[in-house]
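Working notes for the structure below.
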Amino acid sequence: MTCRERKTMLSGSCRGFHALPEGCIANALSLTSPKDACRLSLVASTFRSAADSDVVWERFLPPDYVDIISRSIDGPDSLLTKFHSKKELYFHLCDNPIIIDSGTKSFSLEKGTGKKCFMLAARDLIIVWGDTPQYWAWISLPGSRFPEVAELLKVTWFEVRAKINASMLSPGTKYSAYMVFSTKSGFHGFDYQPAEASVGISGHDGQKRTVCFDINVARMHSYQYSQVNHRQPPSFYMWWHGNVPIDHSAEYPKLRTDGWMEVELGEFLVEGKKDGDVEISLMEVKGRYWKWGLIIQGIEIRPKAG
């Protein structure tokens with residue numbers, strides 16, 4: 001089909017839509033996706049008004065959005081009465097995560113799909129020795145979503161676990177879990193032995209990954225990956241940096257747009273309306289090296305890119 005033929009067909013479709021009531025068009029748009037609705041609103045004025053309709057954006061919001069917003073630390077009416085349209089509310093939730101459940105979680109939406117995203121605050125995690133002052137400190141940091149973050153002072157046994165019920169997430173969606181963290185000057189100990197992560201639905205074998213927190217190793221990993229004769233390196237390629245080998249099957253930290261770092265711990269699929277727990281663990285207990293200088297904001301769970 002030529003470009004002219006496509007334009008002619010689209011023009012004819014738009015003229016046909018002119019004969020339909022706006023409510024009918026809005027109902028049709030609500031069966032697409034937020035991204036498609038925004039694109040179609042630019043195609044013709046016929047779609048524009050319908051694409052702004054509450055009928056459309058109510059469908060794109062999660063079915064339980066009112067219940068989730070009611071758990072906001074700012075009060076149940078903090079958002080529901082603030083915005084004049086469901087479209088405004090939708091995009092606010094995409095760009096501004098809200099803090100819920102007494103400050104232990106944040107909630108937001110993925111902009112292109114409306115899928116639910118959560119971050120579990122450090123206080124919502126199970127951190128071994130987390131309440132022992134000589135091993136961990138609870139501090140406030142500018143730029144954190146939550147009132148407190150966990151600072152690792154000194155441990156040899158590093159273990160962090162988390163749970164979230166799968167029913168809280170969007171069904172039929174592949175998710176990834178990420179540790180969101182930063183490091184202090186003098187960060188030490190994770191360059192000797194990588195950590196081991198596991199993510200999965202309770203009752204099933206979790207996906208296991210090797211995780212590296214050392215940012216210098218991550219930078220060298222990226223450099224070496226691109227420099228090996230300008231071609232794809234072998235599946236297992238090692239370059240020694242201090243005491244840790246570069247393993248291209250491992251996960252390495254990346255800088256986020258909010259200034260924090262994140263490293264992917266694993267992925268899982270929410271099939272239908274499951275009621276089991278998603279179990280996440282991160283451990284480094286083999287090396288027995290002293291570790292310090294890691295700051296944990298939380299674990300973020302969001303739809304897998306692509």
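Quantities reported herein were computed from a predicted structural model and do not represent experimental measurements.
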Distance (rounded to the nearest 0.5 Å) between [X] [atom1] and [Y] [atom2]:
| X | Y | atom1 | atom2 | result |
| --- | --- | --- | --- | --- |
| Leu61 | Asp54 | CG | CG | 9.5 Å |
| Ile68 | Met168 | CD1 | CE | 7.0 Å |
| His92 | Ile69 | NE2 | CD1 | 8.5 Å |
| Ile73 | Phe146 | CD1 | CZ | 9.5 Å |
| Leu109 | Leu93 | CG | CG | 5.0 Å |
| Ile201 | Glu271 | CD1 | CD | 8.5 Å |

Hey, is the main chain of [Y] close enough, under 3.5 Å, to the side chain of [X] for a donor-acceptor pair?
| X | Y | result |
| --- | --- | --- |
| Trp157 | Trp129 | no |
| Thr132 | Gln134 | no |
| Thr173 | Pro171 | yes |
| Asp277 | Glu279 | no |
| Ser140 | Pro147 | yes |

Query - Within 45° cone and under 6.0 Å: Arg302 NZ/CZ vs Tyr175 ring - result: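 Pair Arg302/Tyr175 does not count as cation-pi.
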
Requested in this report: Walk me through it: do Val155 and Val128 pass the test side-chain contact (heavy atoms from CB on, under 4.5 Å)?
Outcome: CA-CA 10 Å; Val155 298; Val128 173; over 6 Å; no

Query - Audit row: Lys254, Arg256, side-chain contact (heavy atoms from CB on, under 4.5 Å) steps and yes/no - result: CA-CA 6 Å; Lys254 297 177 182 178; Arg256 294 161 54 97; over 6 Å; no

Requested in this report: Please lay out, stage by stage, how Glu284 and Glu196 fare under the test side-chain contact (heavy atoms from CB on, under 4.5 Å).
Outcome: CA-CA 6 Å; Glu284 200 297 278; Glu196 297 177 351; over 6 Å; no

For the residue pair [X] and [Y], what are the closest heavy atoms and their distance?
| X | Y | result |
| --- | --- | --- |
| Ser198 | Gly206 | OG-CA, 3.9 Å |
| Ala150 | Ile127 | CB-CD1, 3.9 Å |
| Met261 | Pro253 | CE-CB, 3.7 Å |
| Ser170 | Lys116 | OG-N, 2.9 Å |
| Val160 | Met179 | CG1-CE, 4.2 Å |
| Val270 | Ala166 | CG1-O, 3.9 Å |

Query raised in the report: Mind checking whether Tyr90 and Tyr65 have ring centres under 6.0 Å apart?
Result: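 Ring-ring flag for Tyr90/Tyr65: false, centres at least 6.0 Å apart.
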
Query raised in the report: Under 6.0 Å between the ring centres of Tyr135 and Trp292?
Result: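 Ring centroids of Tyr135 and Trp292 are no less than 6.0 Å from each other.
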
Are the side chains of [Y] and [X] in contact, using a 4.5 Å heavy-atom criterion?
| X | Y | result |
| --- | --- | --- |
| Ser108 | Cys94 | no |
| Lys111 | Asp95 | yes |
| Val278 | Asn165 | no |

Under 3.5 Å, is there a donor-acceptor pair between the [X] and [Y] side chains?
| X | Y | answer |
| --- | --- | --- |
| Glu264 | Ser176 | yes |
| Arg145 | Ser106 | yes |
| Glu262 | Trp260 | no |

Query raised in the report: Would you call the rings of Phe190 and Phe158 parallel, tilted or perpendicular, where under 30° means parallel and over 60° means perpendicular?
Result: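 Rings of Phe190 and Phe158: perpendicular, over 60°.
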
**Report entry** Partners meeting salt bridge (charged side-chain N to carboxylate O under 4.0 Å, His left out) with Lys208 (sequence neighbours left out)
**Finding:**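 Per chain and number, Lys208 pairs via salt bridge (charged side-chain N to carboxylate O under 4.0 Å, His left out) with no residue.
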
Requested in this report: Report the residues that fulfil salt bridge (charged side-chain N to carboxylate O under 4.0 Å, His left out) with Lys86, sequence neighbours left out, ordered by chain and then residue number.
Outcome: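 Checked Lys86 against salt bridge (charged side-chain N to carboxylate O under 4.0 Å, His left out); matches are Glu58.
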
Query raised in the report: Under the side-chain contact (heavy atoms from CB on, under 4.5 Å) test, which residues partner Ala162, sequence neighbours left out?
Result: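 Once residues adjacent in sequence are excluded, the partners of Ala162 under the side-chain contact (heavy atoms from CB on, under 4.5 Å) criterion are Leu120, Leu125, Ile280, Ile299.
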
Query - Residue pairs, two or more places apart or on separate chains, that pass ring pair (Phe, Tyr, Trp, His ring centres under 6.0 Å) and touch residues 99-123 - result: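 Listed once each, the pairs are Phe107-Phe118.
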
Co-membership, hydrophobic cluster, residues [X] and [Y], 4.5 Å side-chain:
| X | Y | value |
| --- | --- | --- |
| Leu79 | Ile99 | no |
| Met119 | Ile301 | no |
| Ile295 | Leu255 | no |
| Ile126 | Trp138 | no |
| Val149 | Trp136 | no |

**Report entry** Pairwise salt bridge (Lys or Arg N to Asp or Glu O under 4.0 Å) hits with a residue in residues 96-105, at least two apart
**Finding:**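 The answer is Arg71-Asp101, Asp101-Lys105, Lys105-Asp124.
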
**Report entry** salt bridge (Lys or Arg N to Asp or Glu O under 4.0 Å): pairs with one or both residues in residues 132-143, sequence neighbours excluded
**Finding:**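 Passing the test, one end in residues 132-143: no pairs.
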
**Report entry** Note: Lys82-Glu88 ion pair, threshold 4.0 Å (strictly below)
**Finding:**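 Judged by the 4.0 Å cut-off on N to carboxylate O distance, Lys82 and Glu88 do not form a salt bridge.
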
Requested in this report: Dump the intermediate steps for side-chain contact (heavy atoms from CB on, under 4.5 Å) on Ile98 and Ile100, then the final yes or no.
Outcome: CA-CA 6 Å; Ile98 62 170; Ile100 62 172; 4.0 Å; yes

Query raised in the report: Yes or no on salt bridge (charged side-chain N to carboxylate O under 4.0 Å, His left out) for Glu148 and Arg123, after CA distance, side-chain angles and deciding distance?
Result: CA-CA 7 Å; Glu148 290 182 307; Arg123 276 294 187 190; 2.8 Å; yes

Requested in this report: Would you please test Phe213 and Phe187 for ring-ring contact (aromatic ring centres under 6.0 Å, His included) and show each step?
Outcome: CA-CA 10 Å; Phe213 281 113; Phe187 170 73; 7.3 Å; no

